[in-house]
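Just so we're on the same page: letters track the sequence lines, and every chain starts at 1. When reading the values below, keep in mind they use all heavy atoms of this one structure, side chains included, and skip hydrogens, waters and symmetry mates.
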Protein chains: 6
Amino acid sequence: MSNQLKLGLPAGSLQDATAELFRKAGYKVTFASRSYYPTIDDPDIHCTLIRAQEMARYVRDGSLDCGLTGHDWVVENDAEKDVVELAELVFSKVSRRPVRWVLAVPNDSPIQTPKDLQGKRIATEVVNITRKWLASHGVTASVEFSWGATEVKPPKLADAIVEVTETGSSLKANNLRIVADLLTSTTRFIANPAAAADPWKRQKMDDLVLMLKGAMAAEGKVGLMMNVPREKQAAVVALLPGHKPTLSALSDPEWVDVLVILTENEVRQLIPSLKRAGACGIVEFPLNKVID
Amino acid sequence: MSNQLKLGLPAGSLQDATAELFRKAGYKVTFASRSYYPTIDDPDIHCTLIRAQEMARYVRDGSLDCGLTGHDWVVENDAEKDVVELAELVFSKVSRRPVRWVLAVPNDSPIQTPKDLQGKRIATEVVNITRKWLASHGVTASVEFSWGATEVKPPKLADAIVEVTETGSSLKANNLRIVADLLTSTTRFIANPAAAADPWKRQKMDDLVLMLKGAMAAEGKVGLMMNVPREKQAAVVALLPGHKPTLSALSDPEWVDVLVILTENEVRQLIPSLKRAGACGIVEFPLNKVID
Amino acid sequence: MSNQLKLGLPAGSLQDATAELFRKAGYKVTFASRSYYPTIDDPDIHCTLIRAQEMARYVRDGSLDCGLTGHDWVVENDAEKDVVELAELVFSKVSRRPVRWVLAVPNDSPIQTPKDLQGKRIATEVVNITRKWLASHGVTASVEFSWGATEVKPPKLADAIVEVTETGSSLKANNLRIVADLLTSTTRFIANPAAAADPWKRQKMDDLVLMLKGAMAAEGKVGLMMNVPREKQAAVVALLPGHKPTLSALSDPEWVDVLVILTENEVRQLIPSLKRAGACGIVEFPLNKVID
Amino acid sequence: MSNQLKLGLPAGSLQDATAELFRKAGYKVTFASRSYYPTIDDPDIHCTLIRAQEMARYVRDGSLDCGLTGHDWVVENDAEKDVVELAELVFSKVSRRPVRWVLAVPNDSPIQTPKDLQGKRIATEVVNITRKWLASHGVTASVEFSWGATEVKPPKLADAIVEVTETGSSLKANNLRIVADLLTSTTRFIANPAAAADPWKRQKMDDLVLMLKGAMAAEGKVGLMMNVPREKQAAVVALLPGHKPTLSALSDPEWVDVLVILTENEVRQLIPSLKRAGACGIVEFPLNKVID
Amino acid sequence: MSNQLKLGLPAGSLQDATAELFRKAGYKVTFASRSYYPTIDDPDIHCTLIRAQEMARYVRDGSLDCGLTGHDWVVENDAEKDVVELAELVFSKVSRRPVRWVLAVPNDSPIQTPKDLQGKRIATEVVNITRKWLASHGVTASVEFSWGATEVKPPKLADAIVEVTETGSSLKANNLRIVADLLTSTTRFIANPAAAADPWKRQKMDDLVLMLKGAMAAEGKVGLMMNVPREKQAAVVALLPGHKPTLSALSDPEWVDVLVILTENEVRQLIPSLKRAGACGIVEFPLNKVID
Amino acid sequence: MSNQLKLGLPAGSLQDATAELFRKAGYKVTFASRSYYPTIDDPDIHCTLIRAQEMARYVRDGSLDCGLTGHDWVVENDAEKDVVELAELVFSKVSRRPVRWVLAVPNDSPIQTPKDLQGKRIATEVVNITRKWLASHGVTASVEFSWGATEVKPPKLADAIVEVTETGSSLKANNLRIVADLLTSTTRFIANPAAAADPWKRQKMDDLVLMLKGAMAAEGKVGLMMNVPREKQAAVVALLPGHKPTLSALSDPEWVDVLVILTENEVRQLIPSLKRAGACGIVEFPLNKVID
């Protein structure tokens, strides 16, 4: 069926954050317990919940037209040349990525460089990425698939691990030291090449990506409105470099209304200065979406 | 006392949704545990929690000036001609009605039409509605009041039931089939006729209804602001048929600011088109109330 | 270090409300379990969690530059002349103060006036405030520090208590009667005098106070936008005395856009009148901060 | 089918307490959400969840062989002569009954005796019990079915109520005063007369009642074991009047082992005395069932 | 170190049930968050949390002396000949196994026998078990490792799956039909052969297994004590075939005390009969461990 | 009133553990929210909730006859000679004491001995204990009452602290080092001397203490029953040194029944040995109270 878009959503820890992002973008995704086919309030889209690890596999073979997954799992599935990455999505707390895949060893391990891994046991969830990286360093080692709790394995159950980390705190808590960075990854919107070449599907995916990006752009952003006397307009606007304030005419020709979109952090820096520069009636209000 | 409005609020499953609706309308209703007289931050109003089933009874006899209840319970209490329905309120998830009262029988029952109910046992919470409906079909049957779990009764404890349903899923789960629709119902704001004729009370009720409707109208609605070059204004406005966008003059005479109120569903359809038509700096923001 | 502001935040029941207020003001305060040094996303500020009872002590001796605490604890620590109160902060539900410190006795106690306390046992958390107040009335009594549950002590464990109250309901529930008011208190932003005299620290504290007040001012406030025909502009504006509506020119010269900031309570009073006066397309939207 | 017992279990507030009682009696009852046919691990029994208010109706007409319900609802359904009460079950906290149905009026009501109810409005869930009681006093009044929150209705929505109470605290909290007791009620195991006359069903019901009573009898009971020198046996046993201690021979003929079943309250009274009388090695252990 | 036993405990869903079983067996296992080395109150034992899927791998290579895991994962790791299974442990609700690994296909799939799988895509967590089974049927198919949600994959993402099931309800909910059983599995206590040959470690493991089995044997078991007149002793004992009641002499030579260990299900069958046969003072009490 | 015992129970963190201990001892203590007079199911006792810190004060002055509190707070209130300690109670997890009051300083502090504290600032909840201890070392320092979070104060807000610790982990987490031990404390049952001299009150307190101790003695204890052939009786009993097993005669003179009370830790050591020595039918059962 040409006019339905088969979309894969990542099951598991990112599931709720994904639904929240779609909600902010204007799409209502509803999960039913025990069902892996969430409903979405757009009859043109059919959703399937799939583990992020397998997404690229099913987008590549056309079972799905597109999906959200990490760049890491695209690489692990050897699918970089077989799928199209339409957008990078860096959204909401749960997935505040990028994440790093690193090779780590116990603090007191003699291993200092990739070469020292020769003949060692390495536990990891990303067996392919690890093997390719070892090969690129001309090193031979035993790479074992780890079902979980990878960071607890050294030194008894493994000599080194390749594991994902954001802040490094879990590694530190397990007395591990980073030897090398293998890959940095963020969430991507990937598409099957044939689907990306189909005009209807491409339009649908582009529109969806535009809305998702609009919702992400609004995170941490607010609107600021203020009244400014005409003669102070230049001074106020000068405080807003890099922004494009909207200046509205008021009934009273002596005054102008200034509206500008800012991050919350900028606001607390700017408000005292704006007030000193002559702005008054300053009001901050929340935003849902920002599309430049 | 002429200058106090006695308002009945539905106790039970609709209680929190009702308080939320009032909150959005600008009224703070506070429930105290074990008390059936919620406080409201308007000294002109005195609230009483009453089961929806009994609301019409007490509005009819003047114990209350007005109240919120379902149209079904107005009919069950035979009060259609004795109370005034000032507004239909279709609010928030919990009460996303209308609900249907249907006559249902087991999937394998021989009962196919109302006539087949002659001499059967029917269990229901709405004994009067059921009896009137049977009479209108010239059928005589035994109608028993059901205290709950009505849908589990056929076929052992009843031959048929009259039960409320929204999606039909509970009926389906109990292997029941719908034979007939008796009544469709939504929540109403009802008033005692004498109260509706008292100018002070009528004004108070009309204002309250206006605010409740304003809050309901804002559900799912958002505001969209954008900057548009004068020469593209017509193209952009043409994308918004049926809406009344507010066009504001900007300091720069080459540009205009367009503000429009839309549903969230419209937004995701329109933003890509608006952008293609020349709008920029598109910002979506949330709304509390919308009063046309 | 001159360019870091040492800020004390009240530990305990006000902790979450304080963090929420800072969040609304644009600062992200994060608590880690077991740590009393919350992080804040402003590198110029260093936070310490301190019990409100001790805040004035540490601001006075310069261990902290500034902090939030109740006026009552400033007085109890005899620090009124040793610290500077930069602002009064009346924020969010949890701390909807002012609170009153009152002297209470059992309903059936013979004690009616301060004089009757001569020789009695008084239990209280504010031993100094109580002793000074007794001295001002020329009364001698035994004042014992109470570790908690003060209101349950009379008549067996104390003859009278000095206790904090907001609504008096806890006193009533314990059959206590108020004999006298000793002190009324709200939360204050206090500073060490030397810090208040340091230009960099003073600027930093003034900016912080401005943002906190902006966030508090927005509580319960909303923005109201409406379209008004020119000829009805005067009538509509007349309904908004004491407010400063912003009147924007629209593309259609026959119409004007009115924007005004109101409390939620005013809104429900005004909307029906505004509509009757000719306003249309009335929209209410939420606000984050209001800085006059 | 002669060899299956159709058992009704009360739905709602007693549901979990009933399952717990059955569990203690050795039967595992499992509720599935949305199903009103709980499973029980005895293939001879088929369970149905029914509201206590309707139980007698369906046991009377043979839809069920037996069920648990309150005596009050047997009376309200006019079924006292049509069903057999096989046992009184006073179990676990939730149903620590008996409950009383009382007629109550506002504290300041002029109503003092049943006669004063002439012509008044009475709200109640037990319309039949109330009407019969009024008739027995030669009084005519309007009795209206109350869907809930009955105790809040006087004085505005009713002149008096007939309501269930255990401690009277809810009545007191609503400023109501008890005028008369109409009925005292406990939970009963009721049977259809034909089922009670069927030997297989009667045996099954008697065994079930025996186990339920054994489980109830063990509540608050414990076993006490102790070693006693022969010469002090009489003194120890004399402290246990009304109990039947088991005296076991020990290998050492100078000593005897005493085992007795007591309530927890007796234990704390007796242990100090038993120790003084010469018992030693006193050990208390928990019990599951006690069948005399 | 010869005198420490390295014990692997299964991480994840069985973790709490395992700790509970150990607790009943008399060992206190404590998990600390973020640590994979639970503490146990026996200094001779060192615990490591390991995913059940990997347990056999690490017991085989001697990283661990012993561990608990499913027989299925022993087979999947090809470790049946490399580890010793010391005991089968069928414990507590969470792991009420055995579980079955089955090959399932959509209800409407043409696949009816193993032969029909030729050339198909099979998704599974147990790639090795599946490949061996296919080989034993002379079938070649594509077996893909599934990261989860396997049962949702047919028919779009796989033609068949090999998945674990207890009741089959999840398969049914996904419209799948079982074609073949591949393996039945329960939890096992496995040991490294060298550890099993070490006398100290073997004794330690045998004692641990004895206590675990004693705790499991007590689940659902209770003790029953009763007094029986000598002349009815034979009749009472005759009701307990297959059990070994303990008959104690009482001080009164006309009576005997009977104690017997039974399952809860037997109790409810036997008590009525025992009472009819002359037993009195029947008391049921709970048990912690039962070791024959 | 001579025949009522006024008992103080510690409010706050020990409250639930205290109620649980009383429950195990056979007394039901019920807390009502907002009331500080818990009910107890013994009409001879009247309970009052009091902070442990103040208990000794009110037992000393006779407001209470007796109470539970820590030995530390007896000392802090200077009440060691004014109250009688009837028993030491070491109960349940929450209060697994003894606790230690220690003087601690930052790890890198120059303070090494008590003498080094001369002229320093010390923060603590136990001002009196600290002052006496300093005096005993001939040291003068500033001791300030700390309202909480004491361990976070060094080095900025204090030079040293006197704080309570069980495991030392909180001190370690705050980088503090212990310099000296001031006091070790456990929970005590204290009495007013006059009450302890009153025969009725003394008997009541002694009985209560006996039951509390019986409940505490049963924690972690279990009963073990087994059948033993006469000829192996000596070998089995030899495995139980320090215990007093009860040997019961069985009907079969060749066998004897052995019953012994053990800790759970002993059980897991003994069962394998007992089995090897010839015991069979070993059964472990739980205990509520143990009174030697």
Counting heavy-atom pairs under 4.5 angstrom with chain C, the leader among B/Asp257, B/Asp206, B/Leu250, B/Asn288 is B/Asn288

For C/Arg268 and B/Asp41 the tightest heavy-atom approach is NH2-O, 2.6 Å

Heavy-atom closest pair (C/Pro286 atom, B/Pro286 atom, distance to 0.1 Å) is CD-O, 3.3 Å

Under 4.5 Å to a heavy atom of chain C? For B/Leu208 that would be neither

Under 4.5 Å to a heavy atom of chain B? For C/Met226 that would be neither

Rounded to the nearest 0.5 Å, the CG atom of C/Leu224 sits from the NZ atom of B/Lys289 at a distance of 8.0 Å

| request: Scan side-chain atoms only and decide if B/Thr246 and C/Asn227 contain a donor-acceptor pair under the 3.5 Å cut-off. | output: yes

The interface call for B/Leu287 against chain C, heavy-atom contacts under 4.5 Å, is both

In this structure, CZ of C/Arg276 is separated from CG of B/Leu210 (nearest 0.5 Å) by 8.5 Å

In this structure, OG of C/Ser248 is separated from CG of B/Leu247 (nearest 0.5 Å) by 12.5 Å

Honestly, the part of C/Val222 sitting under 4.5 Å from a heavy atom of chain B is side chain

Output for pair (C/Glu284 CD, B/Met211 CE), nearest 0.5 Å, gives 6.5 Å

**C/Lys275 bridged to B/Asp207 by N-O distance under 4.0 Å** = no

When the 4.5 angstrom heavy-atom criterion is applied to B/Ala25 and chain C, the contacting part is backbone

